[in-house]
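Starting from 1, each residue takes its place in the sequence as its number.
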Amino acid sequence: MTNNDPLLERLASDLDFDLKALRKKYVFERDRRINTAGTQQYTEVSGDHAKFEQDDPYVETPMSRDALSIDTDVVIIGAGFSGLMSGARLTERGVVNFRIVDAASDFGGTWYWNRYPGAQCDIDAYCYLPLLEETGYMPKEKYSFAPEIFEHSKRIADSFGLYEKALFQTRVTEIRWIETESRWSVSTNRGDRIRARFVIQGTGPLSRPKLPGIPGITSFKGHTFHTCRWDYNYTGGNHKGGMTKLADKRVAIIGTGATAIQCVPFLGASAKELYVFQRTPSSVGLRGNKPTDEAWYTSLEPGWQRQRRQNFAAILQGEPAAEDLVADGWTDIVRRLGNALMSRDPEDGDLNLEEIMLRSEIADFEKMNELRNRIEQLVNDKDTAEILKPWYRQFCKRPTFNDQYLDTFNRPNVHLIDTSDTQGVERVTEKGLVAGDTEYEVDCIVFATGFEATSAPHRRVDFSTIGRNETSLFDHWKNGFRTLHGISSHNFPNWFTIGINQNALSPNFTSMFDDLAIHVSYIIASVLNSDFRTVEVSAEAEEAWVQEIIQTTNQARNDFLAECTPGFFNHEGQDENLQNLPYGPGINAFNALLAQWRNEGELTGMTLS
């Protein structure tokens, strides 16, 4: 935020709102939501809470098999898009001797587990669904619903022959480097012993559910489940709703992020009473979904998907783009800023960073004012409408888009419970939940509390990785992530990970994962086609990349997030370790860096032995 009063007065003079008052409002709403416990305010799904992760309500036939002893070139841990991309890109390079291990009963990862009513991706399907050109698939709509994404996951697996390599309903319990064999030993809960030259850890950022640290969760006598393990046996219905078994049930849902925005309308239409417990509201824009224009789709030239993805990333990064190929709620705010900069009077002189930041802030305020006005127009009860208003910059939290959520609060059976003053539900009792001075008696509690996306590594992954010299990966990363390009670490030869740390970040996760899989498959194929047995990041290269992440950090982004209401984007309002941040110049610059690294063909920063 600028403190340049002349500039502020000049740009704010024609606004239809009080900019300074709005700033104060944002600060007030942020400060009263800061929890000093940070990410520790959430509960791990282990011990008494393990059922929220380990139960699989979707499995048709629980598998029974003998323990396996397998030798293979590569083990891929995870059958979501990280694993699918890894399998596909390895296959393209002629690496076919690999296995894929996952606790689920099919491919899909997040989209195997996320089957709650209304589940939908908030990213343009033509960007999000990977390998569209390779599989020849045309998405049904601009924004795909969960069943279509799940089906596309299976389509990719079929297209690249991955089913014959999959070990489902199998949890990895440990991976350990065997120095004398130059191989990894992968142990599972089924007693398997898999020996592999290489390991790709593709467990993804949205794989382990998290719970709020509310006292008394285990004391509740009613029914509970997490949205990523939706219990249709209890609710009835399916992804499209029709949950008739809730007709006589009082239901509470905790959380109002992207998941709740999508499933609350269906719960409101089905339950006898629905209590929505909200600490911080989401920004809810118009979804405006539409069927795919087949004529447009068939007119696309080869390479169109990569071009579209790069265009989307460039616009969100604020880079110049002749055309906005996606043109949706994500890119709208950036287009607004571009228009504001283009419309300025040339007589105002040279444009400096301070003015760019102030104009960006004003464009953001105008956008969020529109969203708050939309709430007033759609929600009948004025008090409820006020509670639903988000008081923060748009990208402080992942923006949501839905055309039914706000109207749901006009139903007489739907009740919004504001917990912002108490920083969430205070406790759970045998009969329900306590917020403020009121106990809300319910039959069922639904946790829409997301995943362990940005917590400590040991909370995101439920198995140990032991490298050379008995080095634990969790210990190696205890003071911050240490990698080269976010994919591999010193003392962990022939080991790679596909995730979101120390590489480039994009809201379009599948694009990130695909380019990382391309890079990892290149390295593995290079080693397999050589006389070498191992490849390992050098200590010097690892430290150099840590410093690169720190030095290229986007300070404007950091300052922006520091002023945001708490959430997983800003480490729940706590100071973030700079070396855990993404590559500052953005995903397109990062992918260009990786492509140049591959073109040089030297595996720079890695030691072959």
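Between the side chain of T331 and the backbone N or O of D328, at least one donor-acceptor pair lies under 3.5 Å. Distance alone, capped at 3.5 Å, is enough to place a donor-acceptor pair between the N410 side chain and the L378 backbone. A donor-acceptor contact shorter than 3.5 Å links the side chain of D403 to the backbone of G288. In this structure, T408 contributes its side chain and Q404 its backbone to a donor-acceptor pair below 3.5 Å. In this structure, the side chain of S153 engages the main chain of I149 through a donor-acceptor pair within 3.5 Å. Looking at T400, its side chain does come within 3.5 Å of a backbone N or O of S283 through a donor-acceptor pair. In this structure, the side chain of N558 does not engage the main chain of T553 through any donor-acceptor pair within 3.5 Å. Between the side chain of D122 and the backbone N or O of F401, no donor-acceptor pair lies under 3.5 Å. Side-chain atoms of T256 come within 3.5 Å of backbone atoms of T280 as a donor-acceptor pair (strictly under, hydrogens ignored). A donor-acceptor contact shorter than 3.5 Å links the side chain of T449 to the backbone of K210.
Rounding to the nearest 0.5 Å places CG of L274 at 9.5 Å from CD1 of I417. Note: D381 CG to F409 CZ = 11.5 Å, rounded to the nearest 0.5 Å. Atom SG in C444 sits 8.0 Å away from atom CG in D231 (nearest 0.5 Å). Here CD of Q502 is found 6.5 Å from CD of Q579. Values are rounded to the nearest 0.5 Å. Rounding to the nearest 0.5 Å gives a distance of 9.0 Å between OG1 of T497 and CG of N503. Atom CZ of R287 and atom NZ of K142 lie 8.5 Å apart (nearest 0.5 Å).
When all heavy atoms of F266 and G118 are compared, the pair lying nearest together is CE1-CA, 3.4 Å.
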Just do the ring pair (Phe, Tyr, Trp, His ring centres under 6.0 Å) check on F107 and F150 with the steps written out, would you? CA-CA 8 Å; F107 287 96; F150 182 32; 9.7 Å; no
Working note: D364 + R393, criterion salt bridge (Lys or Arg N to Asp or Glu O under 4.0 Å); need CA distance, chi angles, decisive distance, verdict. CA-CA 6 Å; D364 199 306; R393 301 276 291 272; 3.1 Å; yes
Determine, step by step, whether F365 and Y26 satisfy the ring pair (Phe, Tyr, Trp, His ring centres under 6.0 Å) criterion, reporting the C-alpha distance in whole Å, the side-chain angles of both residues, the deciding distance to 0.1 Å, and the verdict. CA-CA 10 Å; F365 281 159; Y26 279 23; 5.2 Å; yes
Intermediate values then yes/no, side-chain contact (heavy atoms from CB on, under 4.5 Å), F312 and I123: CA-CA 10 Å; F312 181 66; I123 298 292; 4.1 Å; yes
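Y128 has its ring centre no less than 6.0 Å from the ring centre of Y143. If you look at Y583 and F590, their ring centroids are closer than 6.0 Å. Under the 6.0 Å cut-off for aromatic ring centres, F81 and F513 do not qualify, their centroids lying 6.0 Å or more apart. Taking the six-membered ring wherever Trp is involved, the centroid distance between the rings of F447 and H226 does not fall below 6.0 Å.
No side-chain donor-acceptor contact under 3.5 Å links S506 and N508. In this model, a donor atom of one side chain and an acceptor atom of the other lie less than 3.5 Å apart for E439 and T429. Q169 and S105 are linked by a side-chain donor-acceptor pair at a separation below 3.5 angstrom, with hydrogens and angles left out of the test.
A salt bridge links E361 to R23: one of the charged nitrogens lies within less than 4.0 Å of a carboxylate oxygen. Looking at E29 and K25, a side-chain N of the basic residue comes within less than 4.0 Å of a carboxylate O on the acidic one, giving a salt bridge. The pair D332-K367 meets the salt-bridge criterion, since a charged nitrogen lies less than 4.0 angstrom from a carboxylate oxygen.
The cationic group of R115 lies under 6.0 Å from the six-membered ring centre of Y58 and within 45° of the ring axis, placing it in a cation-pi geometry. Taking the centre and axis of the six-membered ring of Y234, the NZ or CZ atom of K249 falls inside the cone set by 45° and 6.0 Å. Cation-pi geometry between R398 and F395 is not satisfied (NZ or CZ under 6.0 Å from the ring centre, within 45° of the ring normal).
Crowding of R32 atom CZ: a count of heavy atoms from other residues, nucleotides or ligands under 6.0 Å exceeding 12. Annotation for K431: atom NZ does not count as buried by contact number, only 12 or fewer foreign heavy atoms lying within 6.0 Å.
Each of W113, W230, Y232 was evaluated against F225; a single residue qualifies, W230, per the ring-ring contact (aromatic ring centres under 6.0 Å, His included) test. Partner of D443 under the salt bridge (Lys or Arg N to Asp or Glu O under 4.0 Å) criterion, chosen from K221, R250, K245: R250.
For R482, the salt bridge (Lys or Arg N to Asp or Glu O under 4.0 Å) test picks out E542, E543, with sequence neighbours left out. When the side chain to side chain donor-acceptor pair (under 3.5 Å) test is applied to D106, the partners found at least two apart in sequence or on another chain are Y163.
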